[in-house]
Student: 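My questions all concern the structure below.
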Amino acid sequence: MQCDEVQELIYLEAAGAEDAAARSVIRDHLAKGCVICQAALAEATAAAAQLPLNLPPCPPSESVKKELMRRIKTATPLSQSERTSATPEPKRMPRKLLLWPLVISTSLAAAMFLVAILSLQANENLSREHLKDLTALASLQKSFLRDTARLSQLSHQMHDAVAMEKRKILSLETKLAAAESLKAMIGSPALEMASLHGSSPMRTAWGRVMWNDKMKMWKLCVFNMPHLPNSKTYEVWMITSGGKKMPAGLFNTDYKTQSALVTPAVPPNKHEMAEIAVTIEPAGGSPQPTGAILLAGHIG
Amino acid sequence: MTLSKEDQHNDYELMAALAGGDHDALSVLYDKYAGVMLALCRRILRDATEAEQLLLDVFTEIWQRADRYDERRATPLTYLLTLCRSRAIDRCRSRRSKHGKWAVNDFTTDNTMESVMAPGQQPAEAVSSGEQGHLVRQAMKTLTDIQRKVLELAYFDGLSQSEIAEVTGIPLGTVKSHVRMALIQLRQKLRKED
(Lines give C-alpha, C1' and ligand atoms only; values in the text may rest on other atoms or scores of the structure.)
Protein backbone atom coordinates (compact mmCIF):
# COMPACT_ATOMS: atom_id res chain seq x y z
CA MET A 1 0.00 0.00 0.00
CA GLN A 2 1.23 3.52 -0.84
CA CYS A 3 2.21 6.04 1.86
CA ASP A 4 -0.68 8.35 0.86
CA GLU A 5 -3.24 5.63 1.52
CA VAL A 6 -1.57 4.64 4.81
CA GLN A 7 -1.44 8.25 5.97
CA GLU A 8 -5.23 8.47 5.52
CA LEU A 9 -5.50 5.68 8.11
CA ILE A 10 -2.78 7.07 10.37
CA TYR A 11 -5.04 9.93 11.50
CA LEU A 12 -7.71 7.41 12.50
CA GLU A 13 -5.14 5.46 14.50
CA ALA A 14 -3.86 8.61 16.21
CA ALA A 15 -7.40 9.57 17.22
CA GLY A 16 -8.11 5.98 18.30
CA ALA A 17 -10.86 5.43 15.72
CA GLU A 18 -9.10 2.81 13.61
CA ASP A 19 -10.63 -0.62 13.18
CA ALA A 20 -8.70 -3.90 13.16
CA ALA A 21 -8.23 -3.88 9.38
CA ALA A 22 -6.80 -0.35 9.36
CA ARG A 23 -4.53 -1.19 12.30
CA SER A 24 -3.20 -4.21 10.48
CA VAL A 25 -2.50 -2.19 7.31
CA ILE A 26 -0.61 0.44 9.30
CA ARG A 27 1.40 -2.15 11.27
CA ASP A 28 2.38 -4.00 8.07
CA HIS A 29 3.45 -0.78 6.38
CA LEU A 30 5.47 0.49 9.35
CA ALA A 31 7.10 -2.92 9.74
CA LYS A 32 8.65 -2.35 6.32
CA GLY A 33 10.55 0.56 7.89
CA CYS A 34 8.74 3.51 6.26
CA VAL A 35 10.25 6.42 8.18
CA ILE A 36 7.90 8.96 6.57
CA CYS A 37 4.78 7.23 7.85
CA GLN A 38 6.43 6.59 11.22
CA ALA A 39 7.07 10.32 11.54
CA ALA A 40 3.52 11.12 10.35
CA LEU A 41 2.05 8.75 12.95
CA ALA A 42 4.21 10.25 15.71
CA GLU A 43 3.11 13.77 14.73
CA ALA A 44 -0.57 12.85 14.51
CA THR A 45 -0.41 10.99 17.84
CA ALA A 46 1.26 13.99 19.48
CA ALA A 47 -1.50 16.25 18.14
CA ALA A 48 -4.24 13.92 19.41
CA ALA A 49 -2.50 13.61 22.78
CA GLN A 50 -3.02 17.35 23.26
CA LEU A 51 -6.80 16.85 23.38
CA PRO A 52 -6.94 16.19 27.15
CA LEU A 53 -5.36 19.61 27.68
CA ASN A 54 -8.67 21.01 26.47
CA LEU A 55 -10.23 19.59 29.66
CA PRO A 56 -10.10 21.51 32.91
CA PRO A 57 -7.56 19.74 35.14
CA CYS A 58 -8.95 17.92 38.20
CA PRO A 59 -6.63 17.87 41.20
CA PRO A 60 -6.75 14.32 42.64
CA SER A 61 -7.45 13.83 46.33
CA GLU A 62 -4.45 13.68 48.70
CA SER A 63 -5.03 10.02 49.39
CA VAL A 64 -4.16 9.05 45.80
CA LYS A 65 -0.63 10.40 46.02
CA LYS A 66 -0.15 8.93 49.48
CA GLU A 67 -1.22 5.53 48.20
CA LEU A 68 1.02 5.87 45.15
CA MET A 69 4.10 6.71 47.24
CA ARG A 70 3.29 3.79 49.54
CA ARG A 71 2.99 1.46 46.58
CA ILE A 72 6.28 2.45 44.97
CA LYS A 73 8.19 1.94 48.19
CA THR A 74 7.38 -1.74 47.90
CA ALA A 75 7.33 -2.00 44.12
CA THR A 76 10.78 -1.73 42.50
CA PRO A 77 10.82 -0.69 38.86
CA LEU A 78 10.91 -3.90 36.79
CA SER A 79 13.93 -2.69 34.85
CA GLN A 80 15.86 -2.40 38.11
CA SER A 81 14.69 -5.65 39.61
CA GLU A 82 15.64 -7.39 36.36
CA ARG A 83 19.10 -5.81 36.58
CA THR A 84 19.46 -6.85 40.21
CA SER A 85 18.45 -10.43 39.59
CA ALA A 86 20.78 -10.63 36.62
CA THR A 87 23.83 -9.75 38.75
CA PRO A 88 23.71 -11.74 42.01
CA GLU A 89 25.96 -10.61 44.88
CA PRO A 90 29.27 -12.49 45.14
CA LYS A 91 29.49 -15.07 47.95
CA ARG A 92 31.48 -13.98 51.02
CA MET A 93 34.46 -15.91 52.38
CA PRO A 94 33.80 -17.69 55.69
CA ARG A 95 35.35 -15.68 58.54
CA LYS A 96 37.36 -18.60 59.91
CA LEU A 97 39.47 -18.77 56.74
CA LEU A 98 40.87 -15.21 57.18
CA LEU A 99 44.21 -16.17 58.70
CA TRP A 100 47.21 -13.89 59.32
CA PRO A 101 49.59 -15.56 56.83
CA LEU A 102 47.15 -14.77 54.14
CA VAL A 103 46.85 -11.08 55.04
CA ILE A 104 49.98 -9.92 53.17
CA SER A 105 49.28 -11.86 50.03
CA THR A 106 45.65 -10.73 50.15
CA SER A 107 46.70 -7.07 50.49
CA LEU A 108 49.04 -7.50 47.55
CA ALA A 109 46.31 -9.07 45.51
CA ALA A 110 43.92 -6.31 46.59
CA ALA A 111 46.41 -3.66 45.45
CA MET A 112 46.77 -5.37 42.09
CA PHE A 113 43.01 -5.72 41.88
CA LEU A 114 42.60 -2.00 42.63
CA VAL A 115 45.03 -1.11 39.83
CA ALA A 116 43.12 -3.40 37.51
CA ILE A 117 39.80 -1.85 38.61
CA LEU A 118 41.11 1.70 38.05
CA SER A 119 42.31 0.70 34.63
CA LEU A 120 38.96 -0.90 33.87
CA GLN A 121 37.21 2.21 35.19
CA ALA A 122 39.18 4.38 32.75
CA ASN A 123 38.28 1.99 29.96
CA GLU A 124 34.68 2.02 31.06
CA ASN A 125 34.63 5.84 30.96
CA LEU A 126 36.01 5.71 27.47
CA SER A 127 33.44 3.08 26.52
CA ARG A 128 30.68 5.20 27.99
CA GLU A 129 31.83 8.19 25.91
CA HIS A 130 32.06 5.91 22.92
CA LEU A 131 28.53 4.63 23.55
CA LYS A 132 27.25 8.18 23.83
CA ASP A 133 28.89 9.03 20.50
CA LEU A 134 27.44 5.92 18.94
CA THR A 135 23.96 6.82 20.18
CA ALA A 136 24.32 10.33 18.77
CA LEU A 137 25.60 8.86 15.52
CA ALA A 138 22.66 6.45 15.32
CA SER A 139 20.26 9.32 15.92
CA LEU A 140 21.98 11.38 13.18
CA GLN A 141 21.87 8.41 10.86
CA LYS A 142 18.16 7.95 11.48
CA SER A 143 17.47 11.62 10.85
CA PHE A 144 19.66 11.47 7.72
CA LEU A 145 17.69 8.46 6.43
CA ARG A 146 14.42 10.25 7.11
CA ASP A 147 15.62 13.38 5.29
CA THR A 148 16.95 11.30 2.41
CA ALA A 149 13.61 9.53 2.05
CA ARG A 150 11.80 12.87 2.07
CA LEU A 151 14.22 14.34 -0.47
CA SER A 152 13.81 11.31 -2.69
CA GLN A 153 10.04 11.66 -2.56
CA LEU A 154 10.29 15.39 -3.32
CA SER A 155 12.71 14.68 -6.14
CA HIS A 156 10.25 12.22 -7.71
CA GLN A 157 7.44 14.72 -7.36
CA MET A 158 9.59 17.45 -8.93
CA HIS A 159 10.65 15.13 -11.75
CA ASP A 160 6.99 14.37 -12.51
CA ALA A 161 6.08 18.07 -12.34
CA VAL A 162 8.93 19.02 -14.71
CA ALA A 163 7.91 16.27 -17.17
CA MET A 164 4.32 17.49 -17.08
CA GLU A 165 5.40 21.11 -17.66
CA LYS A 166 7.59 19.97 -20.59
CA ARG A 167 4.61 18.21 -22.12
CA LYS A 168 2.51 21.34 -21.66
CA ILE A 169 5.22 23.51 -23.27
CA LEU A 170 5.49 21.13 -26.25
CA SER A 171 1.73 21.17 -26.70
CA LEU A 172 1.66 24.98 -26.50
CA GLU A 173 4.55 25.27 -28.98
CA THR A 174 2.69 23.02 -31.43
CA LYS A 175 -0.47 25.08 -31.02
CA LEU A 176 1.49 28.30 -31.45
CA ALA A 177 3.15 27.05 -34.65
CA ALA A 178 -0.25 26.03 -36.00
CA ALA A 179 -1.76 29.38 -35.05
CA GLU A 180 1.11 31.29 -36.73
CA SER A 181 0.78 29.20 -39.85
CA LEU A 182 -2.99 29.82 -39.89
CA LYS A 183 -2.43 33.54 -39.37
CA ALA A 184 -0.01 33.62 -42.35
CA MET A 185 -2.49 31.68 -44.46
CA ILE A 186 -5.43 33.93 -43.59
CA GLY A 187 -3.36 37.11 -44.01
CA SER A 188 -2.25 36.16 -47.52
CA PRO A 189 -4.09 37.77 -50.54
CA ALA A 190 -4.12 34.30 -52.13
CA LEU A 191 -6.64 33.06 -49.57
CA GLU A 192 -9.85 31.55 -50.95
CA MET A 193 -12.85 30.58 -48.92
CA ALA A 194 -16.18 28.76 -49.22
CA SER A 195 -19.09 28.09 -46.86
CA LEU A 196 -20.48 24.69 -45.88
CA HIS A 197 -24.11 24.20 -44.91
CA GLY A 198 -25.72 21.54 -42.79
CA SER A 199 -28.41 19.20 -44.01
CA SER A 200 -30.83 16.85 -42.22
CA PRO A 201 -30.42 15.68 -39.50
CA MET A 202 -27.77 18.38 -38.79
CA ARG A 203 -29.43 21.43 -40.23
CA THR A 204 -27.78 23.79 -37.75
CA ALA A 205 -24.29 22.58 -38.59
CA TRP A 206 -22.15 24.93 -40.67
CA GLY A 207 -18.56 25.40 -41.69
CA ARG A 208 -15.94 27.28 -43.68
CA VAL A 209 -13.21 25.88 -45.83
CA MET A 210 -10.15 28.02 -46.56
CA TRP A 211 -7.33 27.27 -48.88
CA ASN A 212 -4.21 29.01 -50.08
CA ASP A 213 -2.75 27.47 -53.21
CA LYS A 214 0.52 29.39 -52.86
CA MET A 215 1.11 28.00 -49.38
CA LYS A 216 -0.49 24.66 -50.30
CA MET A 217 -2.64 24.85 -47.15
CA TRP A 218 -6.26 23.85 -46.52
CA LYS A 219 -8.25 24.38 -43.39
CA LEU A 220 -11.80 23.36 -42.59
CA CYS A 221 -13.70 24.83 -39.62
CA VAL A 222 -16.95 23.16 -38.57
CA PHE A 223 -19.50 24.26 -35.97
CA ASN A 224 -22.64 22.91 -34.27
CA MET A 225 -21.65 19.30 -34.84
CA PRO A 226 -22.04 17.09 -31.76
CA HIS A 227 -19.06 15.21 -30.32
CA LEU A 228 -19.22 11.58 -31.50
CA PRO A 229 -18.79 8.44 -29.40
CA ASN A 230 -15.58 6.42 -29.89
CA SER A 231 -17.33 4.00 -32.25
CA LYS A 232 -17.97 6.79 -34.81
CA THR A 233 -15.97 9.44 -36.64
CA TYR A 234 -16.60 12.36 -38.96
CA GLU A 235 -14.99 11.88 -42.36
CA VAL A 236 -14.19 14.64 -44.89
CA TRP A 237 -14.74 13.96 -48.56
CA MET A 238 -13.43 15.81 -51.64
CA ILE A 239 -15.89 15.32 -54.49
CA THR A 240 -14.99 15.81 -58.13
CA SER A 241 -17.32 17.40 -60.67
CA GLY A 242 -18.00 13.87 -61.93
CA GLY A 243 -19.26 12.88 -58.45
CA LYS A 244 -16.25 10.78 -57.42
CA LYS A 245 -15.77 10.92 -53.67
CA MET A 246 -12.24 10.84 -52.22
CA PRO A 247 -11.56 10.50 -48.47
CA ALA A 248 -9.75 13.56 -47.08
CA GLY A 249 -9.38 12.89 -43.37
CA LEU A 250 -11.13 12.00 -40.11
CA PHE A 251 -12.00 14.18 -37.14
CA ASN A 252 -14.21 14.55 -34.09
CA THR A 253 -15.51 17.77 -32.60
CA ASP A 254 -14.74 19.16 -29.15
CA TYR A 255 -17.44 17.92 -26.80
CA LYS A 256 -17.89 21.34 -25.21
CA THR A 257 -17.77 23.67 -28.22
CA GLN A 258 -19.05 21.12 -30.75
CA SER A 259 -16.57 22.55 -33.24
CA ALA A 260 -13.29 21.53 -34.88
CA LEU A 261 -10.49 22.95 -37.01
CA VAL A 262 -9.37 20.32 -39.48
CA THR A 263 -6.58 20.12 -42.07
CA PRO A 264 -8.06 18.10 -44.92
CA ALA A 265 -5.78 15.82 -46.94
CA VAL A 266 -6.23 17.38 -50.35
CA PRO A 267 -5.61 15.03 -53.29
CA PRO A 268 -3.02 16.03 -55.97
CA ASN A 269 -5.72 16.57 -58.61
CA LYS A 270 -7.33 19.29 -56.48
CA HIS A 271 -8.35 21.39 -59.47
CA GLU A 272 -10.84 18.69 -60.35
CA MET A 273 -12.53 19.02 -56.95
CA ALA A 274 -15.95 20.66 -57.01
CA GLU A 275 -17.30 20.00 -53.56
CA ILE A 276 -16.23 19.22 -49.98
CA ALA A 277 -18.52 17.22 -47.68
CA VAL A 278 -18.67 15.57 -44.26
CA THR A 279 -20.37 12.29 -43.25
CA ILE A 280 -20.46 10.12 -40.14
CA GLU A 281 -18.60 6.83 -40.55
CA PRO A 282 -17.65 3.93 -38.29
CA ALA A 283 -14.44 4.49 -36.25
CA GLY A 284 -11.38 4.30 -38.51
CA GLY A 285 -13.24 5.76 -41.50
CA SER A 286 -14.55 4.25 -44.75
CA PRO A 287 -13.13 4.16 -48.30
CA GLN A 288 -16.50 5.42 -49.56
CA PRO A 289 -19.22 7.22 -47.61
CA THR A 290 -21.72 4.94 -45.86
CA GLY A 291 -23.63 7.69 -44.06
CA ALA A 292 -25.65 10.63 -45.33
CA ILE A 293 -23.88 13.90 -46.21
CA LEU A 294 -24.38 16.20 -43.21
CA LEU A 295 -22.34 19.20 -44.29
CA ALA A 296 -21.32 20.28 -47.77
CA GLY A 297 -19.99 23.28 -49.72
CA HIS A 298 -18.85 24.12 -53.27
CA ILE A 299 -15.16 24.77 -53.83
CA GLY A 300 -14.96 24.58 -57.62
CA MET B 1 0.92 23.65 34.22
CA THR B 2 3.00 25.22 31.45
CA LEU B 3 5.03 23.44 28.86
CA SER B 4 8.00 25.62 28.03
CA LYS B 5 11.02 24.08 26.29
CA GLU B 6 12.78 24.06 29.65
CA ASP B 7 9.87 22.16 31.20
CA GLN B 8 9.91 19.62 28.42
CA HIS B 9 13.64 19.20 28.93
CA ASN B 10 13.01 18.69 32.64
CA ASP B 11 10.39 16.08 31.79
CA TYR B 12 12.97 14.07 29.88
CA GLU B 13 15.27 14.24 32.91
CA LEU B 14 12.42 13.19 35.16
CA MET B 15 11.67 10.17 32.98
CA ALA B 16 15.35 9.20 33.02
CA ALA B 17 15.46 9.57 36.83
CA LEU B 18 12.28 7.50 37.06
CA ALA B 19 13.93 4.69 35.12
CA GLY B 20 16.76 4.89 37.65
CA GLY B 21 14.30 4.31 40.51
CA ASP B 22 14.12 7.90 41.80
CA HIS B 23 11.00 8.28 44.01
CA ASP B 24 11.24 12.08 43.98
CA ALA B 25 11.10 12.11 40.18
CA LEU B 26 7.79 10.26 40.26
CA SER B 27 6.47 12.65 42.90
CA VAL B 28 7.37 15.69 40.75
CA LEU B 29 5.89 14.11 37.62
CA TYR B 30 2.72 13.28 39.53
CA ASP B 31 2.37 16.85 40.84
CA LYS B 32 2.79 18.20 37.32
CA TYR B 33 0.48 15.93 35.37
CA ALA B 34 -1.90 14.12 37.73
CA GLY B 35 -4.49 16.91 37.29
CA VAL B 36 -4.76 16.62 33.52
CA MET B 37 -4.47 12.83 33.62
CA LEU B 38 -7.30 12.59 36.14
CA ALA B 39 -9.42 14.90 33.98
CA LEU B 40 -8.80 12.53 31.09
CA CYS B 41 -9.73 9.48 33.19
CA ARG B 42 -12.91 11.15 34.40
CA ARG B 43 -13.89 12.24 30.92
CA ILE B 44 -13.52 8.70 29.61
CA LEU B 45 -14.85 6.72 32.58
CA ARG B 46 -17.39 9.32 33.81
CA ASP B 47 -16.88 8.08 37.34
CA ALA B 48 -14.77 10.06 39.84
CA THR B 49 -13.86 7.12 42.09
CA GLU B 50 -12.97 4.78 39.27
CA ALA B 51 -10.97 7.58 37.63
CA GLU B 52 -8.81 8.08 40.75
CA GLN B 53 -8.27 4.33 41.00
CA LEU B 54 -7.17 4.23 37.39
CA LEU B 55 -4.85 7.22 37.89
CA LEU B 56 -3.17 5.35 40.72
CA ASP B 57 -2.77 2.24 38.57
CA VAL B 58 -1.39 4.22 35.65
CA PHE B 59 1.25 5.97 37.78
CA THR B 60 2.18 2.63 39.34
CA GLU B 61 2.62 1.20 35.86
CA ILE B 62 4.67 4.22 34.79
CA TRP B 63 6.92 3.61 37.80
CA GLN B 64 7.24 -0.12 37.27
CA ARG B 65 7.75 0.02 33.54
CA ALA B 66 9.72 3.26 33.20
CA ASP B 67 12.08 1.38 30.88
CA ARG B 68 9.31 1.24 28.26
CA TYR B 69 9.50 4.96 27.61
CA ASP B 70 11.41 5.77 24.41
CA GLU B 71 12.15 9.47 24.03
CA ARG B 72 12.65 9.07 20.28
CA ARG B 73 8.99 8.12 19.87
CA ALA B 74 7.14 10.66 22.01
CA THR B 75 7.56 13.47 24.49
CA PRO B 76 7.00 12.49 28.13
CA LEU B 77 3.61 14.24 28.22
CA THR B 78 2.44 12.53 25.02
CA TYR B 79 3.58 9.20 26.49
CA LEU B 80 1.80 9.77 29.81
CA LEU B 81 -1.46 10.90 28.23
CA THR B 82 -1.42 8.19 25.56
CA LEU B 83 -0.86 5.49 28.18
CA CYS B 84 -3.52 6.97 30.43
CA ARG B 85 -6.07 7.15 27.58
CA SER B 86 -5.29 3.64 26.48
CA ARG B 87 -5.83 2.18 29.98
CA ALA B 88 -9.01 4.21 30.50
CA ILE B 89 -10.46 3.13 27.14
CA ASP B 90 -9.57 -0.51 27.91
CA ARG B 91 -11.41 -0.25 31.21
CA CYS B 92 -14.35 1.49 29.59
CA ARG B 93 -14.61 -1.16 26.85
CA SER B 94 -14.44 -3.95 29.39
CA ARG B 95 -17.24 -2.27 31.34
CA ARG B 96 -19.28 -1.90 28.13
CA SER B 97 -18.80 -5.55 27.27
CA LYS B 98 -20.12 -6.50 30.71
CA HIS B 99 -23.16 -4.27 30.40
CA GLY B 100 -23.87 -5.03 26.74
CA LYS B 101 -23.50 -2.92 23.62
CA TRP B 102 -23.43 0.85 23.97
CA ALA B 103 -26.51 2.83 23.04
CA VAL B 104 -26.47 5.77 20.66
CA ASN B 105 -27.81 8.14 23.35
CA ASP B 106 -24.78 7.30 25.54
CA PHE B 107 -22.89 9.80 23.42
CA THR B 108 -25.49 12.39 22.57
CA THR B 109 -25.20 14.41 25.77
CA ASP B 110 -22.58 17.10 25.99
CA ASN B 111 -20.00 15.98 28.47
CA THR B 112 -16.96 18.00 27.71
CA MET B 113 -16.37 20.48 30.55
CA GLU B 114 -18.68 20.44 33.52
CA SER B 115 -18.85 16.67 33.75
CA VAL B 116 -15.15 16.39 34.44
CA MET B 117 -14.69 19.25 36.87
CA ALA B 118 -13.74 18.62 40.43
CA PRO B 119 -16.44 19.46 43.00
CA GLY B 120 -16.45 23.19 43.67
CA GLN B 121 -14.20 23.96 40.73
CA GLN B 122 -15.33 26.95 38.67
CA PRO B 123 -15.10 26.90 34.90
CA ALA B 124 -13.13 30.15 34.84
CA GLU B 125 -10.50 28.80 37.25
CA ALA B 126 -10.28 25.57 35.36
CA VAL B 127 -9.83 27.31 32.05
CA SER B 128 -7.15 29.65 33.33
CA SER B 129 -4.86 26.84 34.46
CA GLY B 130 -2.24 25.86 31.95
CA GLU B 131 -0.68 27.80 29.10
CA GLN B 132 -0.65 24.79 26.82
CA GLY B 133 -4.24 24.08 27.74
CA HIS B 134 -5.13 27.59 26.62
CA LEU B 135 -3.43 27.02 23.27
CA VAL B 136 -5.25 23.73 22.78
CA ARG B 137 -8.58 25.35 23.62
CA GLN B 138 -7.90 28.10 21.08
CA ALA B 139 -6.98 25.50 18.48
CA MET B 140 -10.13 23.47 19.26
CA LYS B 141 -12.27 26.56 18.68
CA THR B 142 -11.10 26.66 15.06
CA LEU B 143 -12.62 23.22 14.39
CA THR B 144 -16.19 22.89 13.17
CA ASP B 145 -18.74 21.46 15.61
CA ILE B 146 -18.88 18.17 13.75
CA GLN B 147 -15.08 17.86 13.51
CA ARG B 148 -14.84 18.42 17.27
CA LYS B 149 -17.64 15.94 17.97
CA VAL B 150 -16.11 13.23 15.79
CA LEU B 151 -12.69 13.72 17.36
CA GLU B 152 -14.14 13.55 20.89
CA LEU B 153 -16.13 10.40 20.11
CA ALA B 154 -12.94 8.76 18.84
CA TYR B 155 -10.49 9.99 21.44
CA PHE B 156 -12.55 10.22 24.61
CA ASP B 157 -15.28 7.67 23.97
CA GLY B 158 -13.06 5.19 22.18
CA LEU B 159 -15.49 4.63 19.32
CA SER B 160 -14.21 3.19 16.05
CA GLN B 161 -14.87 4.95 12.74
CA SER B 162 -17.85 2.69 12.00
CA GLU B 163 -19.31 3.22 15.49
CA ILE B 164 -18.94 6.99 15.07
CA ALA B 165 -20.76 6.74 11.74
CA GLU B 166 -23.56 4.85 13.49
CA VAL B 167 -23.82 7.29 16.41
CA THR B 168 -23.72 10.46 14.32
CA GLY B 169 -25.43 9.21 11.18
CA ILE B 170 -22.51 10.54 9.11
CA PRO B 171 -21.20 8.37 6.24
CA LEU B 172 -18.04 6.40 7.08
CA GLY B 173 -15.90 8.20 4.51
CA THR B 174 -16.95 11.56 5.92
CA VAL B 175 -16.05 10.42 9.45
CA LYS B 176 -12.55 9.57 8.20
CA SER B 177 -12.12 12.92 6.51
CA HIS B 178 -13.42 14.83 9.58
CA VAL B 179 -10.92 13.04 11.83
CA ARG B 180 -8.11 13.66 9.39
CA MET B 181 -8.90 17.34 8.81
CA ALA B 182 -9.42 17.99 12.53
CA LEU B 183 -6.07 16.50 13.50
CA ILE B 184 -4.23 18.24 10.67
CA GLN B 185 -5.75 21.56 11.71
CA LEU B 186 -4.99 20.96 15.38
CA ARG B 187 -1.41 20.04 14.56
CA GLN B 188 -0.95 23.11 12.36
CA LYS B 189 -2.43 25.49 14.93
CA LEU B 190 -0.33 24.09 17.77
CA ARG B 191 2.78 24.13 15.60
CA LYS B 192 2.21 27.79 14.74
CA GLU B 193 1.96 28.61 18.42
CA ASP B 194 5.07 26.54 19.22
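Letters A, B, ... are given to chains in the order of the sequence lines, protein chains preceding strands, and every chain is numbered from 1.
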Student: Would the distance check show the side chain of B/E52 and the main-chain N or O of A/S61 forming a donor-acceptor pair, the cut-off being under 3.5 Å?
Tutor: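 Yes; judged by distance alone, with no hydrogens or angles, the pair exists.
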
Student: To check you understand the geometry: which heavy-atom pair defines the closest contact between A/V64 and B/L56, and what is its length?
Tutor: O-CD1, 3.5 Å

Student: Identify each donor-acceptor pair in which a side-chain atom of residues 224-231 of chain A lies under 3.5 Å from a protein atom, sequence neighbours left out, and give them as a table.
Tutor:
{"from": "A/N224", "atom 1": "ND2", "to": "A/T204", "atom 2": "O", "distance (Å)": "3.1"}
{"from": "A/H227", "atom 1": "ND1", "to": "A/T253", "atom 2": "O", "distance (Å)": "2.5"}

Student: Specify the closest pair of heavy atoms between B/L183 and A/A14, including all atoms of both residues, with the distance to one decimal.
Tutor: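 Looking at all heavy atoms of both residues, the shortest contact is CD1-CB, 4.0 Å.
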
Student: Give, as side chain, backbone, both or neither, the part of B/S27 having an atom under 4.5 angstrom from any heavy atom of chain A.
Tutor: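 For B/S27, backbone and side chain are both near chain A.
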
Student: To the nearest 0.5 angstrom, please state how far the CD1 atom of A/I10 sits from the CZ atom of B/R180.
Tutor: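 If I round to the nearest 0.5 Å, the distance is 11.0 Å.
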
Student: Under 4.5 Å, counting heavy-atom pairs only, tell me which of B/T82, B/V175, B/T60, B/V150 racks up the most with chain A.
Tutor: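 Heavy-atom pair counts peak at B/T60.
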
Student: Output the distance between atom NE2 (B/H134) and atom CG (A/L53), rounded to the nearest 0.5 Å.
Tutor: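 Separation between the atoms: 13.0 Å.
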
Student: Give me the atom names and distance for the closest heavy-atom approach of A/A49 to B/Y155.
Tutor: CA-OH, 3.7 Å

Student: Restricting to pairs with a member in residues 33-48 of chain A, which pass salt bridge (charged side-chain N to carboxylate O under 4.0 Å, His left out), not counting sequence neighbours?
Tutor: A/E43-B/R187, A/E43-B/R191

Student: Please classify the contact between B/Y79 and chain A as side chain, backbone, both or neither, with a heavy-atom cut-off of under 4.5 Å.
Tutor: neither

Student: Which heavy-atom pair separates B/A39 from A/L55 by the least distance, and what is that distance?
Tutor: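 Closest heavy-atom pair between B/A39 and A/L55: O-CD1, 3.7 Å.
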
Student: Could you state the interatomic distance from CD (B/E152) to CG (A/N54), rounded to the nearest 0.5 Å?
Tutor: 7.0 Å

Student: Count the heavy-atom pairs under 4.5 Å between each of A/E18, A/Q7, A/Q38, A/M69 and chain B, then report the option with the highest count.
Tutor: A/M69

Student: Identify the heavy atoms of B/V179 and A/Y11 that sit nearest to each other, and give their distance.
Tutor: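 What the structure gives for the nearest pair is CG1-O, 3.6 Å.
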
Student: Select one option (side chain, backbone, both, neither) describing which atoms of A/S139 are under 4.5 Å from chain B's heavy atoms.
Tutor: neither

Student: Where does B/A34 contact chain A at under 4.5 Å (heavy atoms): side chain, backbone, both or neither?
Tutor: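 For B/A34, backbone and side chain are both near chain A.
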
Student: Dump the intermediate steps for side chain to side chain contact (heavy atoms under 4.5 Å, CB included) on B/L81 and A/L51, then the final yes or no.
Tutor: CA-CA 9 Å; B/L81 291 174; A/L51 287 172; over 6 Å; no

Student: Between B/L55 and chain A, which part of the residue has a heavy atom less than 4.5 Å away: side chain, backbone, both or neither?
Tutor: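 The side chain, not the backbone.
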
Student: Drop me the distance from B/D31's CG to A/K65's NZ, to the nearest 0.5 angstrom.
Tutor: 3.0 Å

Student: Distance check, rounded to the nearest 0.5 Å: B/M140 atom CE versus A/Q50 atom CD?
Tutor: 11.5 Å

Student: Apply the test side chain to side chain contact (heavy atoms under 4.5 Å, CB included) to residues A/T45 and B/R73: give CA-CA distance (whole Å), side-chain angles for both, the deciding distance (0.1 Å), then the verdict.
Tutor: CA-CA 10 Å; A/T45 306; B/R73 294 179 62 189; over 6 Å; no

Student: Could you measure the distance from the CD atom of B/Q161 to the CG atom of A/D19? Nearest 0.5 Å is fine.
Tutor: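 One gets 4.5 Å once the value is rounded to the nearest 0.5 Å.
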
Student: Indicate the atoms forming the closest heavy-atom contact of B/V36 with A/P57, along with that distance.
Tutor: N-CB, 4.1 Å

Student: Where on B/L26 is there a heavy atom nearer than 4.5 Å to chain A: the side chain, the backbone, both, or neither?
Tutor: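 It is the side chain, since no backbone atom gets that close.
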
